[in-house]
Amino acid sequence: MRQAGRYLPEYRKVRRQVGGFLELCYTPDLAVEVTLQPIHRYGFDAAILFSDILVVPDALGQEVRFAEGEGPKLAPIRDVAGLAVLREEGVHDHLAPVYETVRRLSRELPPEVTLIGFAGAPWTVATYMVEGGSSRDFATTRAWSLADPEGFGRLIEIVTKATAAYLCRQVEAGAEALQLFDSWAGILPEDAFERWVIEPNSQIVSIVKQKYPQVPVIGFPRGAGVLYERYIDKTGVNAVSLDTTVPLAWAAERLQPKATLQGNLDPQVLLAGGEALERRAREIVTMLGNGPFIFNLGHGIIKETPPEHVARLLEVIRGNGRG
Ligand code: CP3
């Protein structure tokens, strides 16, 4: 959940050395350096590759840029005719620097630190491709998917195929676990959730597992609510990352017998720090720590978070915190 990023002064320093954010993702020297920064500072148990979910549309040939302080901007694809800009052939050449970053990380990380590769899930990536950036209501994406499910399905298929191959290559380069970020899964009603979240996530898991059955896959269908359970049942993921809204007792009872759970500290609580942070961190460990569990945030860290709050959180969950 952005363990490397703008809350760290050492990240901001490297970030200033490059023009665009994507340049950082495509420069192995720097991407390796920023991936390792939080590992060196905190000694986390796992490192997540430094990249972004939007390198896939970029590699497919869509124009993607990150405007300072505004988030991602893409040249939107609004209908089937718009798919003509996408080129499936050159994807892996374009992503070669990311694979190089993974290779170097797997050499440089201590063996006890797990290297996690990742990608965006097709529905979430498609929302950025269609809306041309972040969105409040995803109106264009939803309208297209409802008016022309076959045409929109073509976009999902292209992204699914590229993403599965992208993740397989990350494994070949040394990734030991994979996470699929479906950050906007939660806006979809049940039938659309089945078609645009469960189906493509299942396809990706099955393609990866066919080649690499031993590599654990963590799904993050953020906001899925009770559909987390169906997501686990149908996609074949080994673990799910819980968003901040998932009730812990329900997750322990209904989800943990079926999958490893990851999560779900509210980034706002980490930002706030103090007693509230310590109480909530202990509560999460108490409620989920009796089964397979990975402590994590429920969504991305907020950039104003004081780095000392992260250090304190680690003390508390590793049992060295007072109380
Ligand atoms: O966690 C990590 O340390 C690994 C790196 C990582 C980034 N993005 C780096 C990043 C990961 C795993 C992501 C995933 C990602 N990217 C998601 C899924 C998770 C989520 O947050 O829901 C999404 C939706 C994106 C797309 C994206 N990238 C947006 C909307 C933005 C702008 C938002 C913002 O906070 O400005 C980004 C930019 C981005 N990706 C940054 C980082 C460190 C900040 C940009 C910068 O440094 O200039």
Side-chain angles (χ1 to χ4, degrees), residues 1-15 34-50 69 71 112-114 116 118 134 177 179 181-186 218-225 228 239-256 259-323:
M1 301 296 169
R2 304 216 179 128
Q3 65 179 20
R6 290 168 297 190
Y7 75 109
L8 292 177
E10 60 269 35
Y11 170 85
R12 295 196 298 268
K13 193 170 164 213
V14 174
R15 179 70 181 79
V34 296
T35 303
L36 295 176
Q37 284 171 346
I39 307 304
H40 292 150
R41 187 190 263 260
Y42 299 112
F44 288 123
D45 299 306
I48 183 160
L49 161 70
F50 189 86
E112 67 276 14
V113 178
T114 303
I116 306 174
F118 76 93
S134 302
Q179 180 154 343
F181 287 89
D182 222 340
S183 304
W184 302 112
I218 307 162
F220 182 39
R222 188 168 75 95
Y228 260 99
V240 283
S241 207
L242 305 176
D243 67 69
T244 54
T245 68
V246 178
L248 300 177
W250 177 81
E253 185 187 324
R254 298 296 291 262
L255 306 181
Q256 210 165 24
T260 295
L261 300 184
Q262 175 173 286
N264 71 344
L265 184 74
D266 187 339
Q268 289 289 348
V269 173
L270 182 57
L271 173 68
E275 274 302 315
L277 169 61
E278 298 184 16
R279 200 175 334 110
R280 185 60 182 166
R282 290 198 178 96
E283 197 169 48
I284 292 171
V285 174
T286 304
M287 297 292 288
L288 300 181
N290 298 318
F293 175 57
I294 302 161
F295 194 99
N296 204 331
L297 302 186
H299 200 201
I301 193 166
I302 296 163
K303 68 174 191 297
E304 290 79 13
T305 305
E308 312 80 67
H309 290 190
V310 178
R312 180 65 192 142
L313 172 62
L314 278 162
E315 274 174 13
V316 171
I317 63 182
R318 286 181 167 162
N320 305 321
R322 67 202 135 75

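Around atom CD of E253, no more than 12 heavy atoms belonging to other residues, nucleotides or ligands sit under 6.0 Å away.
Under the 4.5 Å side-chain criterion, counting only non-hydrogen atoms from C-beta, R12 is not in contact with K303. Contact check for R41 versus P307: side-chain heavy atoms found under the 4.5 Å cut-off. At least one side-chain heavy atom of I39 sits less than 4.5 Å from a side-chain heavy atom of Q3. Under the 4.5 Å side-chain criterion, counting only non-hydrogen atoms from C-beta, L8 is in contact with P38. With a 4.5 Å cut-off on side-chain heavy atoms, L261 and V240 count as touching.
Here the closest non-hydrogen pair linking A239 and A259 is CA-CB, 4.2 Å. Across all non-hydrogen atoms, the minimal contact from A276 to V269 is O-CG1, 3.9 Å. Nearest heavy-atom pair across A251 and L288 is CB-CD2, 4.4 Å. I302 and Y7 make their closest contact through O-CB, 4.0 Å (heavy atoms, listed as atom of the first residue, atom of the second, distance). In terms of heavy atoms, R2 sits closest to I301 at O-CG2, 3.1 Å. Taking both residues in full, the closest heavy atoms of F44 and L314 are given as CE2-CD1, 3.8 Å, listed atom of the first, atom of the second, then distance.
Taken from CZ in R222 to CG in L242, the straight-line distance is 13.0 Å, to the nearest 0.5 Å. Atom-to-atom distance recorded for E278:CD and L313:CG is 9.5 Å, nearest 0.5 angstrom. Note that the CG atom of L270 and the CG atom of L265 stand 6.0 Å from one another [nearest 0.5 Å]. We find the CZ-CD1 distance between R282 and I284 to be 12.0 Å, quoted to the nearest 0.5 Å.
Using a 30° and 60° split on the angle between ring planes, F220 and H299 fall in the tilted class, from 30° to 60°.
Between the side chain of T35 and the main chain of F50, a donor-acceptor pair closer than 3.5 Å is present. Formation of a donor-acceptor pair under 3.5 Å by the Y42 side chain with backbone atoms of Q37 is not found in this model. In this structure, Q256 contributes its side chain and N290 its backbone to no donor-acceptor pair below 3.5 Å. Although no hydrogens or angles enter the test, the distance criterion places no donor-acceptor pair under 3.5 Å between the side chain of N296 and the main chain of S241.
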Worksheet entry | Residues D45, F295; criterion side-chain contact (heavy atoms from CB on, under 4.5 Å); working and verdict | CA-CA 10 Å; D45 299 306; F295 194 99; over 6 Å; no

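Salt bridge status for K13 with E10: absent, with no side-chain N to carboxylate O gap under 4.0 Å.
For R15, the side-chain contact (heavy atoms from CB on, under 4.5 Å) partners two or more places apart in sequence, or in a different chain, are Y11, V18, F21, L24, E68. Applying the side-chain contact (heavy atoms from CB on, under 4.5 Å) rule to P306 yields the partners L271, E308, H309; only residues at least two apart in sequence or on another chain are considered.
The only member of L297, L248, T244, D243 that meets side chain to side chain contact (heavy atoms under 4.5 Å, CB included) when paired with N264 is L248.
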